2 protein chains.
Amino acid sequence: MMAAPSIKEVAQRAGVSVGTVSNFLNRPWIVAPTTRQRIQDSISTLGFVRNEAARHLRAGHSRTVGLVVLDVANPFFTDVAEGAESLAYEHDTVVMLCNSKTDPVREGHHLDQLEQQRVMGILITPCDSADPRLLALTARGTPVVLVDRAADGGHCSVSVDDKLGGRLAGNHLIETGHQRIAFIGGPLTMQQVKDRLAGMTATVEKAGDVELQTHEVDVMGVVEGRAAGERIAQLPKRSRPTAAFCANDLLALGFLQAMAVAGLRVPQDMAIVGYDDIDFAAAAAVPLSSVRQPAELLGRTAMELLQEEVAAAELHRHRQVIFQPDLVIRESSSRP
Amino acid sequence: MMAAPSIKEVAQRAGVSVGTVSNFLNRPWIVAPTTRQRIQDSISTLGFVRNEAARHLRAGHSRTVGLVVLDVANPFFTDVAEGAESLAYEHDTVVMLCNSKTDPVREGHHLDQLEQQRVMGILITPCDSADPRLLALTARGTPVVLVDRAADGGHCSVSVDDKLGGRLAGNHLIETGHQRIAFIGGPLTMQQVKDRLAGMTATVEKAGDVELQTHEVDVMGVVEGRAAGERIAQLPKRSRPTAAFCANDLLALGFLQAMAVAGLRVPQDMAIVGYDDIDFAAAAAVPLSSVRQPAELLGRTAMELLQEEVAAAELHRHRQVIFQPDLVIRESSSRP
DNA sequence: CAGTCTAGTTGAATCGTCTTAATCCGCGAC
DNA sequence: GTCGCGGATTAAGACGATTCAACTAGACTG
């Protein structure tokens, strides 16, 4: 296993200078056809592969974008990644997917690594809304775009109107006649969760005689949803909510399973509305109503903003793009 | 936004040479305490961040490992990633997670990128067992470790005995009295799928009077499992299988949902056994029996083999590690 | 035939970090 | 007072690709 051949060896073998090989690689049309052929041959016999590190060093910036998500196992985020990657692909850049698992320490570690790699920029759904590290990063020259969370001006951001999402779910449940509603989500330090709850609360207050219970969880996964469901199923019928609004679909799925186990019928005994409208939601045992977020578009737009910021540099003005969510009504919350 | 400060500016400001700063960074103990302090101050006031590209260029190899999986949305693979990452973390290396989506073109693109980045090595669950590209990659100096697939000597590999897994599922279903069994999985070009089917087939043949139907799918996701389930549910009762063995849990989950929709009870009308034992399996509406694979261990071991190969270089002998799967029996296949 | 183009090619400098051999300096031993 | 020793520091190359000013050799113009 010898060392990988460099442009130099390619040049030598083709009988030209390194400059010409570089031209061949980057501006082939200015190289004479015969020379071009010789270089091509040399490259394939040697099995030459460009050294990205060297290009990067010379260029001063890499062709990689970091994407830090809260949970790779959540289809919502894989869809976001998909969207980001599709645009990246068109611009010949690479996406580095990092999983913070809602853990600030892990998140910090990933940010360090990405900064050391001098990535073009970072797309992130941060654990903490107001982490000063993000601003510091930007100040030191790495553009940061917030995903699924509105920024307050220091960054670009792409988000969905979570309060509206909460209101949509609230209106729907109240209209279908529910008077005791549970909210399941958390941690409540996360802006998205706070906003979804706020939207719901606003609707409930306007309606007057509706009771809202809040059940906080510390991670939004299936397991936690199931646990919350079990807790709620055990409540005496008189005080048990008749509907649940889960802050994401993973929670809702777990919650749904708990209902099945507890023998409560969905939607007759318990209506459920989730959030994100992941593919699983429509395909659940009882198809889940859910507040739909345009995940892929979110990712794609975030990448767009980043590319804008990178291109414009000094004269760039941060933008906050906000999408509207839709409520998709399915069996899990249809009128009994 | 000025350019990121380099070691040179740090040195200047601290009144030392770049060599000393480099020493501070890599072998702090040989630097005098007072100097150390001055450099530390300089670093923090300038906000210096190491340039990984330059280190990499100098060192000739990067501190990144590529991990290419078939489907990031499949919890099995996120568990594998978790395992790989945990070990990587201990060795101060970074994992770059790439999603091929069972698409050879995407896979190829990722491999190109990773090779250009001169990654330390690549852990991959390839689409095609026998892609010559993998051997070429190794020949050119990038170690490749196969994950969840046994290699034939050209690489290290970490896998699980899929034939045994198939036999375990087969024995279990036959013992519980089933005589018509469906196998759902695909594409059949994938070695894992082939082996799981082979194990099942062997058991069925030994038993004698058991019928096995094969239902091939082209991607192993929830949607496809659901479709297969719908197809099978429509069969007349006399010819409809009474049990299904799905080549992964995503398929099984989809299949389970289709049964619910079709009004078939699980396990009374249809027993189901999945594969991978992802967290979802235990938490499904009807808890799923599943052939358990040690996903995290798989990832961790793959990374271990890679590090071994990188360290040993010339004198390295490829190893094939094979784990044993376990059958976890839950409600979905318990005796009616 | 001198002069002007132009297409094609070259060589050297550069990016930021690490390493190696060389240098410096102060102190104790003789 | 000199020598040597060792701890601390430095200066000078790599590493591989890119770029840009400079150069060559023909072709063409007037």
Side-chain angles (χ1 to χ4, degrees), chain A residues 2-40 42-43 46-64 92 115-120 140-142, chain B residues 2-40 42-43 46-64 92 113 115-120 140-141:
Chain A
M2 69 227 123
S6 77
I7 215 182
K8 201 152 116 201
E9 284 138 84
V10 172
Q12 209 150 33
R13 186 167 234 279
V16 296
S17 75
V18 294
T20 304
V21 178
S22 180
N23 282 336
F24 169 84
L25 293 168
N26 301 297
R27 293 174 293 280
W29 56 91
I30 73 164
V31 177
T34 58
T35 320
R36 221 183 302 172
Q37 187 58 53
R38 281 213 317 280
I39 296 178
Q40 180 58 66
S42 172
I43 285 180
L46 287 175
F48 167 76
V49 175
R50 259 162 133 134
N51 183 326
E52 177 65 25
R55 303 185 71 184
H56 171 174
L57 174 60
R58 181 69 231 264
H61 59 87
S62 83
R63 289 157 47 254
T64 306
D92 194 30
E115 190 178 13
Q116 288 186 18
Q117 295 191 33
R118 296 288 192 278
V119 290
M120 275 176 55
R140 282 195 300 266
T142 305
Chain B
M2 69 228 121
S6 77
I7 217 181
K8 200 152 114 201
E9 284 138 84
V10 172
Q12 210 150 33
R13 187 166 232 280
V16 296
S17 75
V18 295
T20 304
V21 178
S22 180
N23 282 336
F24 168 84
L25 258 17
N26 301 299
R27 294 175 293 280
W29 58 91
I30 73 164
V31 177
T34 58
T35 320
R36 222 182 303 174
Q37 187 58 53
R38 281 215 314 284
I39 297 179
Q40 180 57 63
S42 172
I43 286 181
L46 288 174
F48 166 76
V49 175
R50 260 159 129 132
N51 184 328
E52 177 65 26
R55 304 185 71 185
H56 171 174
L57 174 59
R58 180 66 231 265
H61 60 87
S62 81
R63 289 159 44 256
T64 305
D92 194 30
Q113 296 291 347
E115 190 178 12
Q116 288 185 18
Q117 295 191 33
R118 297 285 192 280
V119 290
M120 273 176 55
R140 283 197 299 268

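Quick note on labels: first sequence line is chain A, next is B, and so on, each numbered from 1. Given the structure is predicted, the values throughout are model-derived calculations rather than measurements.
- No engagement by V21(A) is indicated, since no non-hydrogen atom pair under 4.0 Å with the nucleic acid exists.
- Atom pair F24(A):CZ and dT10(C):P shows a separation of 15 Å (rounding to whole Å applied).
- F48(B) comes within contact range of the sugar-phosphate backbone alone, with a heavy-atom separation under 4.0 Å but no base atom that close.
- Where V18(B) and A54(B) meet DNA chain D, the nucleotide closest to each residue was compared, and V18(B) sits on the side nearer the 5' end.
- Under 4.0 angstrom from either OP1 or OP2 of dT18(D) there lies at least one side-chain N or O belonging to R55(A).
- Closest approach to the I30(A) side chain among dT19(C), dT9(C), dT18(D) is made by dT9(C) (side chain taken as heavy atoms from C-beta onward).
- The nearest whole Å value for the distance from the CZ atom in R38(A) to the C1' atom in dG8(C) is 12 Å.
- Using modelled atom types, one side-chain atom of S42(A) and one backbone atom of V10(A) make a donor-acceptor pair closer than 3.5 Å.
- The CZ atom of R55(A) sits 10.0 Å away from atom NE2 of H61(A), with the distance rounded to the nearest 0.5 Å.
- Computed from coordinates, the H56(A) NE2 to dT18(D) P distance equals 13 Å when rounded to whole Å.
- The side chain of T20(B) lies closest to dT9(D) when the candidates are dT19(D), dA17(D), dT9(D).
- Whole-Å rounding puts the L46(B) CG to dG16(C) P distance at 14 Å.
- Here dC15(D) presents its C1' atom at 13 Å from CD1 of I7(A), a figure rounded to the nearest Å.
- Closest to the side chain of S22(A), from the set dT19(C), dG11(C), dT19(D), is dT19(D).
- Side-chain proximity of N51(B) to the nucleotides dA8(D), dT9(C), dG16(C) is greatest for dG16(C).
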- [ ] Could you go through the side-chain contact (heavy atoms from CB on, under 4.5 Å) check for S22(B) and I7(B) one step at a time?
- [x] CA-CA 8 Å; S22(B) 180; I7(B) 217 181; 4.1 Å; yes
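- The interatomic distance linking K8(A) (NZ) with dT18(D) (C1') rounds to 15 Å, in whole Å.
- The 5' end of DNA chain D is approached more closely, in terms of each residue's nearest nucleotide, by T34(B) than by the other of T34(B) and R27(A).
- Atom CD in Q116(B) sits about 12 Å away from atom C1' in dA17(D), given to the nearest Å.
- Nucleic acid contact class of S6(A) (heavy atoms, under 4.0 Å, all strands): sugar-phosphate only.
- Between P33(A) and L25(B), the residue anchored closer to the 5' end of DNA chain C is P33(A), taking for each the nucleotide with the nearest heavy atom.
- L57(A) CG to R118(A) CZ: the interatomic distance, rounded to the nearest 0.5 Å, is 10.0 Å.
- R58(A) places its CZ atom 13 Å from the P atom of dA13(C), with the value rounded to the nearest Å.
- Applying the 4.0 Å criterion to OP1 and OP2 of dT18(D), one finds that R50(A) has a side-chain N or O inside that range.
- Distances from the side chain of L57(A) to the nucleotides dA17(D), dG16(C), dT9(C) place dG16(C) closest.
- Residues R63(B) and E52(B) are in side-chain contact: their nearest non-hydrogen atoms beyond the backbone lie under 4.5 Å apart.
- The side chain of A32(A) sits closest to dG8(C) out of dA17(D), dG8(C), dG11(C).
- Note that CG of L25(A) is 8.0 Å distant from CD1 of I39(A), once rounded to the nearest 0.5 Å.
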